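These numbers were taken from a predicted model, which means no experiment stands behind them.
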Amino acid sequence: MFSAIAYELSSTFLEENKSCVSPDMSKKPAAAPTLHKVIMVGSGGVGKSALTLQFMYDEFVEDYEPTKADSYRKKVVLDGEEVQIDILDTAGQEDYAAIRDNYFRSGEGFLCVFSITEPESFEATQEFREQILRVKNDESIPFLLVGNKSDLAEKRRVPLDACRDRASAWQVPYVETSAKTRDNVDKAFLALIRAMSAQKKGLAVDDAEHEGQSCAARCCVVA
Amino acid sequence: MDFESPDVEKDFPGLYASETGRKSNESDFSDNGDHEKPTKKDLLGRRKDKKESKKDRGYAALEGESSPEEDTDTKSPSKSKKTKSFKFPTKSKEKREKSRDKEKVLEDVTKQKELNEKEKRKEKEREKEREREKKEKEKRDKLREKDKEKEEKAKFKLESKEKLKDDKKEKVKEKDKEKVKEKDKEKVKEKDKDKKEKKLTKMPSTVTSGVPFEEIFTLGVALPIFGVPLQQSVERSRCHDDTGLPLVVRDSIDFLQANGLKSYQIYRAEPDKIKLQQLRKLYTDRGPTFPYHWDVPVACAMLKSFISELPESILTQELHGQFEQATAIAEPQREATVVNLINKLPSCNLALLGWLMRHFESVVANEQVNHANIQTLYAAMGPTLGMSQNLLSYLVTKAEKLFSDIHLTKYVPPLLSIPAEFPDNATEISTELRKQESLLSQIHSEMHAGFITAARDQQLWEAQRIVTQLKRKLRSVQKSVEPTSLPLQQSVDDKPEDVSPQQPQATIPPNETVEEIKMQEEPSKDLTDSKEVVAEVETEIPDPTFPVDFDSQNTEFPVEFEDNFDFKETKELPTETEKEKPKLTEKEQKILRLQLENAEYLQLKSLLQAKINSEQFEIVKLRSHVALKNKLEGPQNKERENNQEDLELKQRLLKENAMLEQKRLSLVNQIFQERVACVQLKIELAMKEIMSKS
């Protein structure tokens, strides 16, 4: 008896739901833009948070405070289409590695950041890449290699060629940014978002490669 | 189909108990291995036997739970059995269908068939999932094997020793050993947990490669909150405001404090078993509860069952005796002794005891109205707590002195999404921040235990986002409080910091602001809602059905409305304001949106109320039908009872009903959520129309 009532109840509810949802359905895609989940990875102090804050709020914070984990949401108009992005700023320090793992699983695109003034951070990108691939189990996951602190060119210790070589070995685009001067910050994020939405739309392979090349080309100009 | 009706229950008083038992067993697949257990345990001697049977009874009420001991048992060799028993429901379904066709018990067979087909499809899916589960479990089992071996050895030793001893000695020694054993097991379990976590963090890919196994191997089954040590229960489902209480207990006490103190039913009336079970299931699955489930007897029963299933006295094994002894001491020393003992309790036990006693204190304080005194409380809770009446009445009467730092405050859960305006003062922000961080760490630990779903992911990101926003806000508030202590550095940082909180709203193009506001509006409403509910709940006893939440809105936005609020009318409201001021400012937009929302919810409320009314009418009607039929067919039924096949059929039907019931629950939840989404969309639409007009 109970289930019969339950069935009737749920069916009537569902019917009504349909009736009231259906007129709105056409509007739904506009109301809920696609959501992309970006994750910032890289060693401590390379400027992940600085990049994120610059992108989110156009602000640059001088004083360094290690991040545990922070998450932001922003709406971006990309090629005329409105998309929503969630950015997760992770901890560079190994202390928080366990927390990081939970996020890696749900990440859809990764900005792998190192500092061009710090060879150790460049080396560490290798490990981050491996970790991500291990979790995501997908070579074609949207991924961007980012050399940050390009404003400190005089202190540069990671040669541009090495960066490019690594990027091409991984078949990912390479961008050099400066969180301080906002140089290429938007470009880095947008390139990644474009790759993510391309992959989601299923045009994945071709476009991503194309994207990678064009981006790489742009980077050359910048660098 | 009619077995669950209370009238049948009257005719066959024994039926209901077994029914609920089976229901709960069936509702939880991983428990199936259970049926084998008693035979295995028979070997363990008489006293063990008794204990076991108790457990089984406990199990009947348990639903999806397993005490530590059983947990390890079900995971041992019974895997192959499990898969066999999985096929059970499908077979039974076919038979059930046939029998039903023959008997034509129901006229709406077609409806049922549809339902059954759905069921079957789901069943298939489940079977697939189960296979995956099996694999997952095998992995886990490998981890546990070592510990199990140890355990089994320990058991074996115990058994052999037991056999050698006389009954009397046995009794004495066994008690001690069982204590030791249980402790050992807890340790082992904890080790297990640790290992599991480590393994999972090391090899995350193994977790993600399959389907997230939450759907198969639910959180409630793997990490139960009933029947486990208090500490664990608190860790798994806690209040995020540092009270150290399990959420179930807090909610129950909150409800009783708000609605039960003046009720004659408090700690007296029998609960609605179905509601109780549903509520229990919701807590086990960490789902949201609905006002529908809550009434005074259910809340009392919930508290009672939680406490009675704790493996240990809430006064702890070591101190319980001392507490009892302390009541015999003469007064000046007694209080000091008890205070001393209370301070020795682990923090979670102290919290639970304190909250309970403060709550009982306020129950007894209302004796004039609710006619509940210490005797009533003792009759209801004394055996559960394992306390003597002396001790209980002492603790209750002295509660205010003994637990002076505990104040019964209504639990305000952490925000679920980013509200339009965070609290402005630093202390409020940091309290919320603490709650959020507690929530976050709980989500993380659940995920580390392997329970990863899209929903939990979303929750994780959302909570993280709130934490981030709260931190930013806190920082900016703190900076404005202590102005420019470091003038040079500050001036650089201050500008962006101060502007930032408003920036997202200010810089977005107009059509985006609508979205932005919408996104932020809902949560803020939730917050105020919950506060409203508290306020309201204290003044009047809300009807225990769905729309309690919606009622609270009346108080907040006093807009005139009719019961059958038409959508067109809602649009008139805004257009009026629109005529006055053709260009709407942000604030006006907000107000407009809130008005629309209010109207929508009111409409929804009246609709739901109407549904409930008709549903209740239907129930009454059906019940009278059943009663009539029972009278007519009374003798026939008795004959059938003797028939074995019919009995089996009945059992199967009961099992299936339990499953259907669960599905119904999840459907209702889903519907509820979709409703809310629907309302949001409607408002969106209306807003856009208004905007385009202006």
> Which one of Thr468(B), Asp457(B), Ile443(B) has the most heavy-atom pairs closer than 4.5 Å to chain A?
Replying inline: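 Between Thr468(B), Asp457(B), Ile443(B), the count favours Thr468(B).
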
> If you measure from CG on Leu88(A) to CD on Gln464(B), what distance do you get to the nearest 0.5 Å?
Replying inline: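 So the gap between those two atoms works out to 6.0 Å.
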
> From Asn102(A) CG over to Trp461(B) CH2, what is the distance, rounded to the nearest 0.5 angstrom?
Replying inline: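 One gets 11.5 Å once the value is rounded to the nearest 0.5 Å.
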
Tell me if the [atom1] atom of [X] is crowded by more than 12 foreign heavy atoms within 6.0 Å.
X         : atom1 : answer
Lys37(A)  : NZ    : yes
Gln126(A) : CD    : yes
Gln458(B) : CD    : no

> Do Arg472(B) and Tyr57(A) meet the cation-pi criteria used here (NZ or CZ under 6.0 Å from the six-membered ring centre, within 45° of the axis)?
Replying inline: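 Flagged: Arg472(B) positioned over aromatic ring of Tyr57(A).
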
>> If I measure from the heavy atoms of chain A, does Leu440(B) come under 4.5 Å with its side chain, its backbone, both, or neither?
In response: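 Leu440(B) touches chain A through side-chain heavy atoms alone.
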
> Considering only heavy atoms, which portion of Leu53(A) lies under 4.5 Å from any heavy atom of chain B: side chain, backbone, both, or neither?
Replying inline: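 For Leu53(A), the side chain is the part near chain B, not the backbone.
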
> Is it true that Arg465(B) and Asp86(A) have a side-chain N and a carboxylate O under 4.0 angstrom from each other?
Replying inline: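 So Arg465(B) pairs with Asp86(A) through a salt bridge.
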
